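Quick notes on the structure that follows.
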Amino acid sequence: MEVFLAYGKNGLNINVPEHTRVVEPTHLKLPENDHELVLDALRDPKGTKPLREMVKSTDRVVIVISDITRPTPNYKLIPWLLEELPHVPIENITIINGLGTHRDQTREEFIEMLGETVVDTVRLVNHHCHEKSELSHLGTSSFGCEVYLNKEYVEADFRIVTGFIEPHFFAGFSGGPKGIMPGIAGIETILTFHNAKMIGHPLATWGELDKNPLQEMTREVNNFCKPNFLLNVALNGEKEITNVFAGELVEAHAIGCAYVKEQAMVKCEKRYDVVITTNAGYPLDQNLYQAVKGMDAARMIVKQGGTIICAAECSEGMPEHGNFVKILQMRNSPKELLEMINEPSFQMFDQWEAQRLAMIQEWADVYLYSLLPEESTRIANLTPTRDIEQTLRELTGKYGDNMSIAVLPLGPLTIPYVEE
């Protein structure tokens, strides 16, 4: 049978055996008018007054958004937020791009993310986690680090954070407090959030919210300077809005996570020899660093010693910025990488993604279908494939003609699990 995989901007069709299990999220009927759905949420939020009543005309307002590696539809959300704040002069509003440790966005990328009208009329700021002059020190976290957040955010009179909620491979769920921490945190705070102990914790995994140490830390850091208002959405595989959650940070986010968990987490009765996955297409599969999420989703239901095949375009490469590639080249095998990263003296930003990739590779073999050169793929200890169907045929030699197969066409937008 033919299966359509979310890959880059155009997708990819592959043929798989008829007995293949296709794991997809619940297909929901879209709201008739997502504009009205968002405005209704802003006017009837959870745990706060309506947004318009909370913001004074003299307030300096900051809106924190997620960067281009996330499919948050801010080209819709930001104009609709501004529509709800007509009494606030546009020069009083600043949009902060929550980059975490990622690179700056260009003007063209901002236009893609926000629309030309917003880019031309609202002040935009890229967050820089390494620039101490652009950060405010707020105190010491119980997790053992100093807390730094973006200075303009801290000094604003009213703070709004946007985002979208999906299961997350070590934070449990995205959205909510993650928009602030690590989105606009300082590098010292981010490194603790992503250290080897945190990433390796057994409860730092998909769908785990309340006992997850990363969620505990992100909530704690947010409490040092809490956003006054949250606007999060849930999306389907076509990146369309299916629901909206607005109001008080923790309450509104928890409601959104419960909704997403019900729609996007799928119970499977068994593990599979081979799991084919994606990273949900563009913009999530721009680079290999991000594609680790899709591989980790497959790890949830692949047998130990099984095989993962990940289709992620990686149009931006590994990427070349950051330390991801450098860390991968520091050791020759996933086991050696994990030993290095788990050394208490080792600390380097981007180590968390290399750690998670190595954990996946210690569990299963991983093939990658992408635009990356084979040399780059092998640097990451991955096996390149240019033909997924041919790779499946070859794997029958390892697992036999009755090889069990599952497919995650939308990658981490659907998280399968096996109760064991």
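As the structure is a prediction and not an experimental result, all values here were calculated from the model. Values below: every heavy atom of this structure, side chains too, minus hydrogens, waters and symmetry copies.
- By the 6.0 Å and 45° rule, R159 stacks over the aromatic ring of Y153.
- Between T48 and K46, the closest side-chain pair of non-hydrogen atoms is not below 4.5 Å.
- One side chain, D67 or T69, offers a donor N or O that lies under 3.5 Å from an acceptor on the other.
- With respect to the salt-bridge test (charged N to carboxylate O, under 4.0 angstrom), the residues E316 and R103 qualify.
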Intermediate values then yes/no, side chain to side chain donor-acceptor pair (under 3.5 Å), H128 and D104: CA-CA 8 Å; H128 299 130; D104 283 8; 2.9 Å; yes
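- A 4.5 Å side-chain heavy-atom check between L12 and F4 finds every atom pair outside the cut-off.
- The side-chain contact (heavy atoms from CB on, under 4.5 Å) test with P416 is passed by exactly one of V302, I301, T277, V275: I301.
- The pair K9-D285 does not count as a salt bridge, with every side-chain nitrogen at least 4.0 angstrom from each carboxylate oxygen.
- Applying the side-chain contact (heavy atoms from CB on, under 4.5 Å) test between W80 and each of N74, L231, D34 identifies D34 as the sole match.
- A salt bridge links K267 and E419; the closest N-O separation between the charged side-chain nitrogens and carboxylate oxygens is under 4.0 Å.
- When side chains are defined from C-beta on, E112 counts as touching I68, because their heavy atoms get closer than 4.5 Å.
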query: Where do S404 and D273 land on the side chain to side chain donor-acceptor pair (under 3.5 Å) test, with the steps shown first?
result: CA-CA 5 Å; S404 57; D273 295 316; 3.1 Å; yes
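- No option in Q105, H102, H127 other than Q105 meets the side chain to side chain donor-acceptor pair (under 3.5 Å) test with N97.
- Proximity of the aromatic rings of Y369 and Y7 is defined here by a centroid distance below 6.0 angstrom, and this criterion is met.
- Ring centroid separation for the pair F143 and F193 does not come in under the 6.0 Å cut-off.
- Defined by atom type and a distance below 3.5 Å, a donor-acceptor pair is missing between the side-chain atoms of E248 and H253.
- Side chain to side chain, E394 and Q390 meet the donor-acceptor criterion of an N or O pair below 3.5 Å.
- For the pair V3 and N13, the minimum side-chain heavy-atom distance is 4.5 Å or more.
- Between Y289 and F324, the two ring planes are perpendicular [angle over 60°; tilted spans 30° to 60°].
- Between R52 and E84 there is a salt bridge, since a side-chain N of the basic residue sits under 4.0 Å from a carboxylate O of the acidic one.
- For D40 and R43, the salt-bridge test fails: no basic side-chain N is under 4.0 Å from an acidic carboxylate O.
- The shortest distance between side-chain heavy atoms of P71 and L284 falls below 4.5 Å.
- Between the side chains of N195 and W352, not a single donor N or O lies within less than 3.5 Å of an accepting N or O.
- Checked against F349 for a ring-ring contact (aromatic ring centres under 6.0 Å, His included), the options H194, H130, H321 give a single hit: H130.
- Using a 4.0 Å cut-off between a side-chain N of Lys or Arg and a carboxylate O of Asp or Glu, E320 and K326 do not qualify as a salt bridge.
- Taking the side chain as every heavy atom from C-beta outward, V233 and N243 never approach each other to under 4.5 Å.
- Under the 3.5 Å distance criterion, with hydrogens and angles disregarded, no donor-acceptor pair is assigned to the side chains of H201 and N212.
- Comment: R107 engages E116 in a salt bridge, judged by a side-chain N to carboxylate O separation of less than 4.0 angstrom.
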